[in-house]
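What follows is a set of notes on a single structure, which appears directly below.
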Amino acid sequence: MQERVCPVCGSKEFFFDPRRGEVVCAKCGYVLQEDIIEEGPEWRAFDPEQRVRRARTGAPMTLMIHDKGLSTDIDWRDRDIHGNQIRGSYRTKLRRLRMWQRRMRINDAAERNLAFALSELDRMAAQMHLPRRVKEAAAALYRRAVMKKLIRGRSIEGMVSAALYAACRIEGIPRTLDEIAAVSKVTKKEIGRSYRFLARGLKLNLKPTSPVEYVDRFGDALNLSQRTKKRAKEILREAIRRGITSGKGPTGLAAAALYVASLLEGERKTQREVAEVAHVTEVTVRNRYKELVEKLRLDVQI
DNA sequence: AAGACGAAAGTGGTTGA
DNA sequence: TCAACAACTTTCGTCTT
């Protein structure tokens with residue numbers, strides 16, 4: 001079980017409110033996790049491999065068909081089941097019904113698109129254990145994209161993934177394209193393309209992700225103390241200030257900073273461990289770490 | 001035995017002519 | 001559209017603890 005720390009007050013004590021289905025910080029009342037009952041999968045995953053294997057994909061069947069397959073088709077011929085001509089006022093009524101049904105179908109196309117998109121969004125957000133606000137931000141982005149007619153001609157899957165990727169960044173808890181791709185049905189490349197398109201279409205300000213934003217998540221995964229994570233952030237900020245981070249991958253930098261910080265704070269982690277949570281190689285951790293130590297004149301002994 | 005280090009070759013994506 | 005390019009990965013041998 002991963003140790004949780006309140007992002008507001010730093011407290012590690014929480015209680016679970018079963019009535020509301022929320023995990024709440026005992027000190028300041030910050031809601032750490034909402035909708036536990038509804039969002040989580042019914043199985044438990046003890047490691048990432050299991051999570052990948054156990055996760056089922058795909059929307060519920062009923063959402064694939066907007067009306068759960070219960071709609072009626074009204075035949076275009078003005079005849080009853082015996083093949084007899086229908087005449088008079090009943091015929092006009094039939095024609096009116098046909099017209100309404102056609103209108104509803106057109107209206108439904110957009111709804112159906114949205115329903116499918118949102119169910120996919122739900123699935124991905126749940127699998128990634130993302131907080132509700134991220135999911136809602138993604139849904140809002142997607143709706144805006146629909147209104148601006150940006151979805152037409154591209155895959156819904158790709159655009160939903162892109163919206164989720166963007167939402168994570170906007171909300172300050174970025175996920176990598178690889179992480180999104182792991183729960184998506186489309187490739188990383190496709191998500192990247194869709195994201196750029198979405199960002200341009202909605203005029204999102206796409207500042208590159210700062211490595212600092214990965215420190216808390218990676219640090220938690222490594223069970224590092226608040227103090228060490230803070231140290232890592234300081235190191236990164238200094239590195240950014242001196243401009244030795246430009247062009248480098250943010251995850252690799254975050255990993256290296258955490259590695260150095262773990263040494264400095266006496267909470268030593270191996271390069272292997274750090275590399276693993278950041279999904280980079282040891283070599284990358286090593287290279288970044290070497291640069292940091294060299295350029296920032298950090299004295300790392302032991 | 002495990003971790004750290006570094007060299008060298010390979011890969012995929014961006015950039016600029 | 002193509003080639004150059006930097007970042008990152010893979011692989012592997014060596015040194016250190």
(message) Tell me which pairs pass ring-ring contact (aromatic ring centres under 6.0 Å, His included) where either residue lies in residues 211-243 of chain A, with sequence neighbours left out.
(response) Y214(A)-F218(A)
(request) Could you list the residues that satisfy side chain to side chain contact (heavy atoms under 4.5 Å, CB included) with R193(A), not counting sequence neighbours? (result) K189(A), E190(A)
(request) Give a yes-or-no answer on whether the side chains of E213(A) and S210(A) include a donor-acceptor pair shorter than 3.5 Å. (result) no
(message) Check E267(A) with R227(A), please: is the shortest side-chain N to carboxylate O separation under 4.0 Å?
(response) no
(message) With a 4.0 Å cut-off on N to O distance, would you call R237(A) and E234(A) a salt bridge?
(response) no
(message) Less than 4.5 Å apart, side chain to side chain, heavy atoms only: is that true for R123(A) and M128(A)?
(response) no
(request) Could you tell me whether a side-chain N or O of R272(A) sits under 3.5 Å from a main-chain N or O of T281(A), the two making a donor and an acceptor? (result) no
(request) Indicate yes or no: does E136(A) engage R133(A) in a salt bridge with an N to O separation below 4.0 Å. (result) no
Quick one: side chains of residues 137-156 of chain A, donor-acceptor pairs under 3.5 Å with protein atoms, not counting sequence neighbours, listed by atom name and distance.
from    : atom 1 : to      : atom 2 : distance (Å)
Y142(A) : OH     : N113(A) : OD1    : 2.9
R144(A) : NH2    : L202(A) : O      : 3.3
S155(A) : OG     : G158(A) : N      : 2.9

(request) Convert the base pairs of DNA chain C into dot-bracket notation, remembering that pairs crossing earlier ones are written with [ ] and that bases paired across to another strand are shown as |; include only Watson-Crick or G-U pairs under 3.5 Å. (result) |||||.|||||||||||
Just the atom pairs and distances: protein N or O near nucleotides 3-8 of chain C's N or O, under 3.5 Å.
from   : atom 1 : to      : atom 2 : distance (Å)
dC8(C) : OP1    : G249(A) : N      : 2.2
dC8(C) : OP2    : R288(A) : NH1    : 2.1

(request) Treat primed atoms plus P, OP1 and OP2 as sugar-phosphate and everything else as base, then score nucleotides 4-12 of chain B 5' to 3': B for base contact with protein heavy atoms under 4.0 Å, S for sugar-phosphate contact only, - for none. (result) SBB------
(message) Around atom NZ of K248(A), are there more than 12 heavy atoms from other residues, nucleotides or ligands closer than 6.0 Å?
(response) yes
